[in-house]
Amino acid sequence: MAATPPPFITAPTPAPALPRPAFVPPIPGAGLNSASSTASLSLCTHFPNVNSVVIMAIISHEFKATDLHKLNPTNCDKEVAYTFNGLTNQFKTYFDILAFHINNTSATSSFFHYTTHLVKLIAEYKWTAVYNYHSIFFNCRRAEMAAGDFSQWGKHNNDLLSKHVYAHWKPAPAKPAKVKAVSNPNKACRKFNKGHCPNTPCPWG
C-alpha cells in the first residue's frame, strides 16, 4: 500500500512592512533643575511679547545689560538705554524669564533682593551713577549664572558702589519758601490783645 503523502501546507503570507517612522530630533540637553537649554514652547507661550531669540539669549546668559530695552515691546528695536523709573517692566520681565526657566526658589529670592536694592539706590543717587553700577554688576553675573550660581544677585558689591555710586547723591529737593505773615492794621491783633505780641513797639502804631 502506497504511503499517503503529507498534506500540502501553504506558507504564511508575510505581514506588510510597516512604514518607517518619521525622524524625531533628539531632546535638547537639560539645564539647571532639568530646564531645557533652548527657548521652550512653554517659555514662549508664557512670554508672548518677547522674541524667542531674546528668550534664548536670557536663558543661555548671553543677554547683556544694554540689551534690556529689547524686553520693552514698544521699544525693542531701538538701540537706546532704557529708563529705570523705579522697577521697570523690562528688568522684571528679565528676572521673570530666568525664574520661570530655572525654577529655583533661592535664585528667585536673590533676584528680588537685587531689585529692591536697585530701587533704593535710584531713590537716593543720580540715575547715571546707578546705571553705570548696574551695568557692570549685571554683566559680572552672567558667567556665574552659566555655571549655575545665582546667589551673587543677592549680595552688594561695595567696591563698585564706592567707585560709581556713593559720591553721586541726588540733590535735596528745594524747600518752599515760608511766607511771612503780614499784619493788617484794619483788623484787631489777636496776639496784642492776648499780650503775646513779639513786636515792641507795634509796627502799626
Side-chain angles (χ1 to χ4, degrees), residues 31-37 39-40 42-51 54-76 78-175:
L32 186 67
N33 294 336
S34 298
S36 171
S37 60
S40 67
S42 58
L43 266 172
C44 295
T45 302
H46 201 73
F47 301 96
N49 291 327
V50 182
N51 190 291
V54 175
I55 292 178
M56 182 60 195
I58 291 174
I59 65 178
S60 63
H61 313 299
E62 296 295 328
F63 196 81
K64 302 179 181 66
T66 51
D67 293 329
L68 280 167
H69 67 277
K70 296 178 181 178
L71 293 173
N72 183 346
T74 63
N75 194 38
C76 58
K78 296 181 181 179
E79 294 295 331
V80 295
Y82 64 99
T83 301
F84 205 123
N85 294 321
L87 179 59
T88 62
N89 290 334
Q90 298 100 302
F91 202 44
K92 181 178 183 301
T93 301
Y94 171 79
F95 275 148
D96 284 348
I97 291 172
L98 276 182
F100 187 90
H101 174 63
I102 64 177
N103 191 26
N104 184 296
T105 303
S106 178
T108 302
S109 177
S110 296
F111 299 159
F112 178 79
H113 180 87
Y114 178 71
T115 303
T116 303
H117 172 61
L118 199 60
V119 171
K120 183 178 180 181
L121 290 178
I122 292 167
E124 298 177 0
Y125 300 95
K126 294 179 180 179
W127 160 242
T128 52
V130 177
Y131 180 75
N132 289 336
Y133 163 77
H134 165 69
S135 297
I136 298 172
F137 187 91
F138 184 106
N139 290 332
C140 287
R141 304 287 75 81
R142 292 168 52 213
E144 298 163 352
M145 291 190 294
D149 180 10
F150 296 83
S151 63
Q152 300 305 309
W153 283 106
K155 300 178 182 180
H156 302 167
N157 189 317
N158 288 321
D159 289 339
L160 283 179
L161 288 168
S162 298
K163 183 177 181 179
H164 296 282
V165 178
Y166 287 153
H168 303 280
W169 288 91
K170 278 186 175 180
K175 295 182 179 180

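Numbering of residues begins at 1 and proceeds along the displayed sequence.
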To the nearest 0.5 angstrom, please state how far the NE2 atom of H117 sits from the CD1 atom of I122. 10.0 Å
A107 versus I102, closest heavy-atom pair with distance: CB-CD1, 3.5 Å
Please output the side-chain donor-acceptor pairs of residues 145-152 that fall under 3.5 Å, not counting sequence neighbours, one pair per line with the distance.
{"unit_1": "D149", "atom_1": "OD1", "unit_2": "S151", "atom_2": "N", "d": "3.0"}
{"unit_1": "D149", "atom_1": "OD1", "unit_2": "S151", "atom_2": "OG", "d": "2.6"}

Just wondering, do L71 and I58 contact through their side chains at under 4.5 Å, heavy atoms? yes
Keeping to residues at least two apart or across chains, list the side chain to side chain donor-acceptor pair (under 3.5 Å) pairs with something in residues 158-168. none
With E144 via salt bridge (Lys or Arg N to Asp or Glu O under 4.0 Å) - residues at least two apart: R141
Value rounded to 0.5 Å, distance of OG in S110 from CG in L98: 12.0 Å
Can you see which heavy atom on K126 is nearest to which on P171, and at what distance? CE-CD, 4.5 Å
Determine whether C140 and I136 make a side-chain contact, defined as any pair of heavy atoms from C-beta on separated by less than 4.5 Å. yes
Sequence neighbours excluded, every pair satisfying salt bridge (Lys or Arg N to Asp or Glu O under 4.0 Å) that has a member inside residues 104-118: none
For L68 and Y94, work out which heavy atoms get closest and say how close. CD2-CB, 4.0 Å
Rounded distance [0.5 Å steps], CZ in F138 versus CZ in F63: 6.0 Å
Inter-residue atom distance N49.CG - C44.SG, 0.5 Å rounding: 12.0 Å
Going by side chain to side chain contact (heavy atoms under 4.5 Å, CB included), name the residues that satisfy it together with F112, two or more places apart in sequence or in a different chain. T116
Between T108 and A99 the two heavy atoms that sit nearest each other are OG1-CB, 3.6 Å
Residue set satisfying side chain to side chain contact (heavy atoms under 4.5 Å, CB included) with K64, at least two apart, ordered chain then number -> T66, D67, N139, R142
Name all pairs fulfilling the salt bridge (Lys or Arg N to Asp or Glu O under 4.0 Å) condition that reach into residues 93-109, sequence neighbours left out, sorted by first residue then second. K92-D96
Calculate, to the nearest 0.5 Å, the distance between atoms CG and CD1 belonging to L43 and I97 respectively. 7.0 Å
side-chain hydrogen bond (donor to acceptor under 3.5 Å, both in side chains) partners for T128, two or more places apart: none
Residues in side-chain hydrogen bond (donor to acceptor under 3.5 Å, both in side chains) with Y114, at least two apart? H134
With sequence neighbours excluded, tell me which residues meet side chain to side chain contact (heavy atoms under 4.5 Å, CB included) with H46. F100
Quick check: closest heavy atoms across V130 and L121, and the distance to 0.1 Å? CG2-O, 3.8 Å
With sequence neighbours left out, what residues match F95 under ring-ring contact (aromatic ring centres under 6.0 Å, His included)? F91, F111, W153
